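Please read all numbers here as calculations on a predicted model, not as lab measurements.
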Amino acid sequence: MLIDRERLAEISRAFGKELVELERAIYRAAGTDFNLNSTPQLRSVLFEKLQLPTLKKTKTGASTDYEVLEQLAAMGHEVPKLLIEYRELSKLKSTYVDALPGYVNPTTGRIHTSFNQTGAATGRLSSSDPNLQNIPVRTPRGEAIRRAFVAPPGAVLLTADYSQIELRLLAHLSGDPAFVEAFAQGGDIHRQTAAIIFGVPQDQVTPEMRARAKTINFATIYGQGAFALSRQLGITLDEAKEFIRQYFARFAGVRAWLDRTVAAAREKGFVETIFGRRRYIPELRDRNFNVRAFGERTATNSPLQGSAADLIKIAMIRIDRALAEQHLGARMVLQVHDELVFEVPEAEQTSASELVKRHMETAAELRVPLVVSTGVGRNWVDAKG
DNA sequence: CATAGTTGCCAC
DNA sequence: AAACGTGGCAACTATG
Ligand SMILES: Nc1nc2c(ncn2[C@H]2C[C@H](O)[C@@H](COP(=O)(O)OP(=O)(O)OP(=O)(O)O)O2)c(=O)[nH]1
Ligand SMILES: [Mn+2]
Ligand SMILES: [Mn+2]
């Protein structure tokens, strides 16, 4: 994968400057200098020196994670407010902006990640050294980093991402009438949920709203409790309970499939993907309730996450073969779970897009259509547009 | 000096 | 009583 090192260097300078300023502001607001990257030191400043309330605990003491800082900031405290900003910048700078250039191979001028075939228990690939499956995109600063992933001269990047992939697989496996009907009509359940949560018509759902609804959909399906949901949505516990109740009333076929899947897993000791990949789940027979409950959530997730992994692997094999047979110059460069990224000679844009989309959408024939959206651009962000 | 555990957080 | 799932990595701290 080619990256624009000048662009990253520019971002590094900008982030570095902001970090220095934030650091000074935090020391001033806290009335003391300390290592901002040290959780123990931060704890003593927030919860001892400044006497702020402990809102959450970890194994070793008071938590200082984002959710805690956000609440403290909302109470009008300056240090946590500045720290949220500091955390974002420091995470992006240390993990991506400053780390990625060191991975560029001097011979090829590119970053060569490792895709691990047995990295995930569900059948997903994982990526390491560096991980190119978790490149930032969700914040403006993150997006700027992703823009440094570029095509070489004369080529474009082509991206292809499955629409609502695990929801479609869930429609197929569960046969839930509302799910199946939604997809038959070309509907968008993430958008539907967003409209409900935010109380707006579907055509007024923003990308940010849909993204939040995506998390809500998956978290609800995979067993999130009302307590966590209430926190995530900033609603009361009762409202959260009611949301979950209504969700599974609307999608009763989904609830039934989840229950059946857990029961079958308990019986057999494993769950299976659509294509027969198994994951054994010994936790289901554990004496400890917490361990068993964890096993149950794993049992519901793995068939879906694993089927999505199987599906894209089938597509990858067919695309690889088709590109070779047709003597195309397009090269598969990344897989990000339900997305493929290619370097494509400009002249092949249209034909490669069509070929990739077709093979991904026909990798399996399900009860609902598989839909893939493709895009091309000079960098990874523009290629998703 | 190297290694392991913890915390926190990026993505899908 | 309650806990979405799957990963990898940086920084810090404790231990050897
Ligand atoms: N359990 C869980 N799974 C997730 C989460 N985020 C993503 N996934 C899984 C399920 C998704 O179908 C799959 C691909 O992620 P995407 O970001 O492409 O979302 P999806 O395909 O559902 O929607 P899309 O139409 O592409 O925007 O990864 C999450 O927060 N929790
Ligand atoms: Mn997708
Ligand atoms: Mn995706």
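- Look at Thr95(A) and you won't find any side-chain N or O under 4.0 angstrom from OP1 or OP2 of dC9(C).
- Across all strands, Ala226(A) comes closer than 4.0 Å only to sugar-phosphate atoms, never to a base (heavy-atom distances).
- The residue Arg146(A) sits close only to the backbone: its heavy atoms come under 4.0 Å of sugar-phosphate atoms, none of a base.
- Leu42(A) places its CG atom 15 Å from the C1' atom of dT6(B), with the value rounded to the nearest Å.
- Between Phe289(A) and Gln305(A), the residue anchored closer to the 5' end of DNA chain C is Phe289(A), taking for each the nucleotide with the nearest heavy atom.
- For dT6(B), neither phosphate oxygen OP1 nor OP2 lies less than 4.0 angstrom from any side-chain nitrogen or oxygen of Thr39(A).
- Among the atoms of the strands shown, only primed sugar atoms or phosphate atoms (P, OP1, OP2) are found under 4.0 Å from some heavy atom of Ser63(A).
- Out of dC10(B), dC9(C), dG7(C), the shortest distance to the side chain of Tyr96(A) is found at dC10(B).
- Ion pairing between Arg245(A) and Glu242(A) holds under the 4.0 Å rule for side-chain N and carboxylate O.
- Counting non-hydrogen atoms under 4.0 angstrom, Thr300(A) reaches nothing in the nucleic acid.
- Glu85(A) and Arg141(A) are joined by a salt bridge, as a carboxylate oxygen and a charged side-chain nitrogen come within less than 4.0 angstrom of each other.
- If you check dC4(C), dT7(B), dC9(B) against the side chain of Thr58(A), the one that comes closest is dT7(B).
- The Ser128(A) side chain lies nearest to dC9(C) when the options are dC12(B), dC9(C), dC4(C).
- Across all strands shown, Glu339(A) has no heavy atoms under 4.0 Å from either base or sugar-phosphate atoms.
- Between Glu346(A) and Arg378(A) there is a salt bridge, since at least one side-chain N of the basic residue sits less than 4.0 Å from a carboxylate O of the acidic one.
- Backbone-only contact: Arg87(A) has heavy atoms under 4.0 Å from sugar-phosphate atoms and none from a base.
- The nearest whole Å value for the distance from the CG atom in Asp65(A) to the P atom in dT6(B) is 17 Å.
- Between the P atom of dG7(C) and the OH atom of Tyr222(A) lies a distance of 14 Å, rounded to the nearest Å.
- dA11(B) atom C1' lies 12 Å from atom CD1 of Ile145(A), rounded to whole Å.
- Residue Ser127(A) is in sugar-phosphate contact alone, with no base atom involved, counting any heavy-atom pair closer than 4.0 Å across all strands shown.
- Here Gln335(A) does not reach the OP1 or OP2 of dC12(B): none of its side-chain N or O atoms lies under 4.0 Å away.
- When the nucleotides dG5(C), dA10(C), dG8(C) are ranked by their closest atom to the side chain of Asn134(A), dG8(C) comes out on top.
- Between Ser38(A) and the phosphate of dC12(C), there is no side-chain N or O to OP1/OP2 separation shorter than 4.0 Å.
- Note on Asn37(A): a side-chain N or O is less than 4.0 Å away from OP1 or OP2 of dC12(C).
- Counting any heavy atom pair closer than 4.0 Å across all strands shown, Gln133(A) reaches sugar-phosphate atoms only and no base atom.
- Among the nucleotides dA2(C), dG8(C), dC9(B), the one closest to the side chain of Tyr66(A) is dC9(B).
- Judged by atom type and distance alone, Lys91(A) reaches the base of dC9(B) through a side-chain donor-acceptor pair under 3.5 Å.
- Spacing between atom CG of Leu100(A) and atom C1' of dC10(B) amounts to 12 Å, rounded to whole angstrom units.
- Judged by distance alone, with hydrogens and angles left aside, Arg124(A) brings a side-chain donor or acceptor within reach of the base of dC12(B), the pair sitting under 3.5 Å.
- Ala309(A) comes within 4.0 angstrom of no nucleic acid atom, judged by non-hydrogen atoms across all strands.
- A salt bridge does not link Arg292(A) with Glu296(A): none of the charged nitrogens is closer than 4.0 Å to a carboxylate oxygen.
- Across the protein-nucleic acid pair, Tyr86(A) atom OH and dC9(B) atom P stand 13 Å apart, rounded to whole Å.
- Within a 6.0 Å radius of CZ in Phe227(A), no more than 12 heavy atoms belonging to other residues, nucleotides or ligands are found.
- As rounded to whole Å, 21 Å separates atom P of dC12(C) from atom NZ of Lys59(A).
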Using a 3.5 Å cut-off and no angle test, enumerate the donor-acceptor pairs between side-chain atoms of residues 25-37 of chain A and protein atoms at least two apart in sequence or in another chain.
from     : atom 1 : to       : atom 2 : distance (Å)
Tyr27(A) : OH     : Glu23(A) : OE2    : 3.0
Tyr27(A) : OH     : Phe34(A) : O      : 3.0
Asn35(A) : OD1    : Asn37(A) : N      : 2.8
Asn37(A) : OD1    : Tyr86(A) : OH     : 3.2

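- Using bins of under 30°, 30° to 60° and over 60° for the plane-to-plane angle, the ring pair Phe243(A)/Tyr247(A) lands in the tilted bin.
- Remark: P of dT7(B) and NZ of Lys57(A) are 13 Å apart, rounded to the nearest angstrom.
- When the side-chain nitrogen and oxygen atoms of Arg297(A) are compared with OP1 and OP2 of dG5(C), one or more of them lie within a distance under 4.0 Å.
- Side chain of Val137(A), nearest nucleotide from dG7(C), dG8(B), dC12(B): dC12(B).
- Residue Phe294(A) places its side chain closer to dG5(C) than to any other of dT13(C), dG5(C), dG7(C).
- Side-chain proximity of Asn35(A) to the nucleotides dT6(C), dG8(C), dC12(C) is greatest for dC12(C).
- The side chain of Ala120(A) lies closest to dT6(C) when the candidates are dT6(C), dC9(C), dG8(B).
- No salt bridge links Glu10(A) with Arg7(A); every basic N to acidic carboxylate O contact stays at or beyond 4.0 Å.
- At the heavy-atom level, Arg292(A) lies nowhere under 4.0 Å from the strands shown.
- Among the protein residues, Phe218(A) comes within range of the nucleic acid bases, having at least one heavy atom under 4.0 Å from a base atom.
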